[in-house]
Asker: 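Here you go, one structure.
Computed from a prediction, not measured in an experiment: that's the story for all the values here. Per chain, numbering begins at 1; letters A, B, ... match sequence-line order.
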Amino acid sequence: MPPSSVRVRFAPSPTGALHIGGARTALFNWLFARHHGGTFVLRVEDTDQTRLQEGSVEGILDGLRWLGLTWDEGPDIGGDAGPYYQSERLEIYRDRLNQLAAADLAYPCYCTPDELAVRREEARAAGRAPRYDGRCRDLSPAERERRAAGGRRPVLRLRVPGDGETLVDDHIRGRVVFAHADLDDFIIAKADGFPTYNFACAVDDASMGITHCIRAEEHLSNTPKQLLVYRALGATPPRFAHVPMILAPDRSKLSKRHGATSVQEFRAEGFLPAGLVNYLTLLGWSPEGGEEMLPVARMVEQFTLERVGKNAAVYDVKKLRWLNGRYLREMTAAELVRAALPFLARRGFLPGAPSPAQLALLERAVPLLRERADTLDELAQGAAWFFQRPESYDPKGAAKHFADRAEARARLGLLAQSLEAVAAPWIHADLEAAYTALSTEQGVSRGALIHPTRLAVTGLTVGPGLFELMEALGSDEVLARLEAARRWLAREA
RNA sequence: GGCCCCAUGGUCUAGUGGCCUAGGACAUCACCCUUUCAAGGUGGAAACCCGGGUUCGAAUCCCGGUGGGGUCACCA
């Protein structure tokens, strides 16, 4: 793909974790940039000093990296359009602010937040739109001076034309018209001198040469304001594309009470970056061929804004799990071992730094385990029998397969005997042959041998194929567990 | 409440006036496979929000209604 002039950005505010909605927005921007051979810029929108959260930027960058969404310019790597923290771009805003004030395109407003809040409430109560009433709009220089002398720090408001309208030509939604009458003179600089979102965003997108602004739909109604800023500044706006929101299963905005919402949480639950990325891609976008599972390269190749839908998508963890499970099953045993290690350690099955022998053991178990796991944590969970001997036997299973204690004990003894005759290291085919022979010899079904064994060895009634399981565990361990089960049966009899 | 966006099965979606007896995927149900559980395979049930237009013909275009969402901060 030839390099192009496409420049897009993801501009998170460091007030928390990387939310899946934000991750999806970042992903679409990234996909768009990569598809067009353009540039993906990361910019930190930290103009609200009161809402900064310790470690948030690191968390967000980390989440993005984990997902594989690499950026070409950003806070940590710099770039020609820097700095990439808005808090470091104050001189730029100051300059533009002065420019607008000098041209009387913006004016100082001395109303306090409290006064504004009161008036807003009054308006709301009276059924009127809670908009700024413009009382500082035409203050004379003398009046301004008087208020300033009174100790009031003004904010700066953009002078919005009272009539006319602003057209947003959205790449996804088409032409959306906003009447200026519905807008008010919004604040572009706070009393502390920091710019507000609508101003900083426009200034930065313009000065950073952003060509396409791809963001969540919640920003659509901000767009006319930003367009007004561009106009006042005499700058050319980017092309806008507002992607649909991601909603919770009850169609409300996604929040904590809906379970995992941040990328970090999904990561901690054992989801794979490939699974999450693939799922997120399918939320609001669909490939031409309709395939569900796409490697990143294919997404990049296929991604266009034309195929982004308009309706909000309800996030469905079931499908995420299904996709994740498919990616899990596509990994090699070695990759899976490495990925599962932290989860195994967290459950106390393995030390954080396992020995080569433990690793080798694990590599034998993982192919068995992954067939019934959709996440890394589920895989770890399913590995319990592998690392620890059963402390008890599943009650329902015991009621069925250990009903007659004496008989079960005898049968397990018989089983142990014939297993001892199988040459170590065990191969599952040999084990199966031994079971088949014994079942013929004893005149019982294979199941009558298999089920009690499984219960004795794992304590469970469900799990991987018994013979593969025993092969992975090894003769010493299996025999020891069989013996332990017989002792238990003797005790319980 | 004002403004704005949206509307295909439970969920994600394909569909851009005839190819639609509306396709795919997840979930669900049944069956098959089978030593259990999964995985896998096969099959089933399941949708164009409603009402008006336009048109020979509408899921597709227009209008209205309804419903959902977003936004109206010195947050982003």
Asker: From C-beta outward on A:Asn311, which listed nucleotide comes closest to its side chain: B:A7, B:C4, B:C74?
Answerer: B:A7
Asker: B:C5, B:C74, B:C12: which one has an atom nearest the side-chain heavy atoms of A:Leu283?
Answerer: B:C12
Asker: NA contact type, A:Arg251, heavy-atom cut-off 4.0 Å: base, sugar-phosphate, or nothing?
Answerer: sugar-phosphate
Asker: Nearest to the A:Phe178 side chain among B:C75, B:C12, B:C4, which nucleotide is it?
Answerer: B:C4
Asker: Work out how far the C1' atom of B:C61 is from that of B:G23, and round it to whole angstrom.
Answerer: 23 Å
Asker: For A:Val177, which contact category applies under a 4.0 Å heavy-atom criterion: base, sugar-phosphate, or nothing?
Answerer: sugar-phosphate
Asker: Would you indicate which nucleotide in B:A14, B:C4, B:C5 comes nearest to any side-chain atom of A:Arg307?
Answerer: B:A14
Asker: Can you tell me if A:Arg120 touches the phosphate of B:A73, counting only side-chain N or O atoms and a distance under 4.0 Å to OP1 or OP2?
Answerer: yes
Asker: Between B:A14 and B:G9, how many Å separate the two C1' atoms, rounded to a whole number?
Answerer: 14 Å
Asker: On a whole-Å scale, what distance lies between the C1' atoms belonging to B:U60 and B:U42?
Answerer: 34 Å
Asker: Report yes or no: does A:Asn29 contribute a side-chain atom to a donor-acceptor pair with the main-chain N or O of A:Thr25 at less than 3.5 Å?
Answerer: yes
Asker: Set out, in order, the CA-CA distance, both residues' side-chain angles and the distance that settles salt bridge (charged side-chain N to carboxylate O under 4.0 Å, His left out) for A:Glu217 and A:Lys310, then state yes or no.
Answerer: CA-CA 9 Å; A:Glu217 196 197 330; A:Lys310 295 177 176 172; over 6 Å; no
Asker: Heavy atoms from C-beta onward define the side chain here; which of B:C74, B:G70, B:C5 lies closest to that of A:Val176?
Answerer: B:C5
Asker: Can you say whether a donor on the side chain of A:Asp316 sits under 3.5 Å from an acceptor on the base of B:A27, or the other way round?
Answerer: no
Asker: Would you say B:A76 has OP1 or OP2 under 4.0 Å from some side-chain N or O of A:Lys190?
Answerer: yes
Asker: Using a cut-off of 4.0 Å on non-hydrogen atoms, how would the nucleic acid contact of A:His242 be classed: base, sugar-phosphate, or nothing?
Answerer: nothing
Asker: Without decimals, in angstroms, what is the distance between A:Glu306 CD and B:U13 P?
Answerer: 17 Å
Asker: Relative to each other, are the rings of A:His171 and A:His212 parallel, tilted or perpendicular (30° and 60° limits)?
Answerer: tilted
Asker: Say we look at B:G44 and B:C6: how far apart would their C1' atoms be, to the nearest angstrom?
Answerer: 32 Å
Asker: Between B:C12, B:A76, B:C72, which nucleotide has the shortest distance from any of its atoms to the side chain of A:Asn222?
Answerer: B:A76
Asker: Once each nucleotide of nucleotides 28-46 of chain B is scored for protein heavy atoms under 4.0 Å, what B/S/- sequence comes out, 5' to 3'?
Answerer: -------BBBBS-------
Asker: Using the closest heavy atom to pick a nucleotide of RNA chain B for each, name whichever of A:Glu45 or A:Asp184 lands nearer the 5' end.
Answerer: A:Asp184
Asker: Provide, to the nearest angstrom, the distance between the CG atom belonging to A:Asn198 and the P atom belonging to B:U71.
Answerer: 13 Å
Asker: Can you tell me if A:Lys310 touches the phosphate of B:G15, counting only side-chain N or O atoms and a distance under 4.0 Å to OP1 or OP2?
Answerer: no
Asker: Looking at B:G67, which nucleotide sits across from it as a Watson-Crick or G-U wobble partner, both distances under 3.5 angstrom, or is there none?
Answerer: B:C6
Asker: Using a heavy-atom cut-off of 4.0 Å across all strands, would you classify A:Ala313 as base, sugar-phosphate, or nothing?
Answerer: sugar-phosphate
Asker: Quick check: does any side chain N or O of A:Thr15 sit under 3.5 Å from a backbone N or O of A:Arg51, one acting as donor and the other as acceptor?
Answerer: no
Asker: Kindly say whether A:Tyr110 contributes a backbone atom to a donor-acceptor pair with the side chain of A:Arg152 at under 3.5 angstrom?
Answerer: yes
Asker: Is the ring pair A:Phe271/A:Phe266 parallel, tilted or perpendicular, if the boundaries are 30 and 60 degrees?
Answerer: perpendicular
Asker: Nearest to the side chain of A:Val314, heavy atoms from C-beta on, is which of B:C12, B:G70, B:C75?
Answerer: B:C12
Asker: If you look at every strand shown and take non-hydrogen atoms under 4.0 Å, does A:Thr50 touch a base, only sugar-phosphate, or nothing?
Answerer: nothing
Asker: I'd like the P distance from B:C49 over to B:A58, given in whole Å.
Answerer: 15 Å
Asker: Is there a donor-acceptor pair under 3.5 Å between the side chain of A:Tyr279 and the backbone N or O of A:Asp316?
Answerer: yes
Asker: Using the C1' atoms only, state how far B:G17 lies from B:C62, rounded to an integer number of Å.
Answerer: 14 Å
Asker: May I ask you to check if A:Arg307 and A:Phe303 form a cation-pi contact, with NZ or CZ under 6.0 angstrom from the six-membered ring centre and within 45° of the axis?
Answerer: no
Asker: Any side-chain donor paired with an acceptor under 3.5 Å for A:Asp204 and A:Tyr93?
Answerer: yes
Asker: Go through B:C6, B:U11, B:A76 for me and flag the one nearest to the A:Arg173 side chain.
Answerer: B:C6
Asker: With a 3.5 Å limit on both atom pairs, tell me what B:U55 is paired to, counting Watson-Crick and G-U wobble, or say none.
Answerer: none
Asker: Using atom CG of A:Leu167 as one end and atom P of B:C3 as the other, report the distance to the nearest whole Å.
Answerer: 18 Å
Asker: Which one is paired to B:A14, where only Watson-Crick or G-U wobble pairs with both distances under 3.5 angstrom count?
Answerer: none
Asker: Is there a Watson-Crick or G-U wobble partner for B:G40 with both distances under 3.5 Å, and which nucleotide is it?
Answerer: B:C32
Asker: What interatomic distance, in whole Å, is found between C1' of B:C4 and the corresponding atom of B:G10?
Answerer: 29 Å
Asker: Determine the contact category for A:Glu292: base if any of its heavy atoms lies under 4.0 Å from a base atom, sugar-phosphate if only primed atoms, P, OP1 or OP2 are that close, otherwise nothing.
Answerer: base
Asker: Please tell me whether A:Phe349 and A:Phe343 form a close aromatic pair, meaning their ring centres lie under 6.0 Å apart.
Answerer: no
Asker: If you assign A:Asp48 and A:Leu247 each to the RNA chain B nucleotide with the nearest heavy atom, which residue ends up on the more 5' nucleotide?
Answerer: A:Leu247
Asker: Would you measure the distance from the P atom in B:G64 across to the matching atom in B:G2 and give it in whole Å?
Answerer: 15 Å
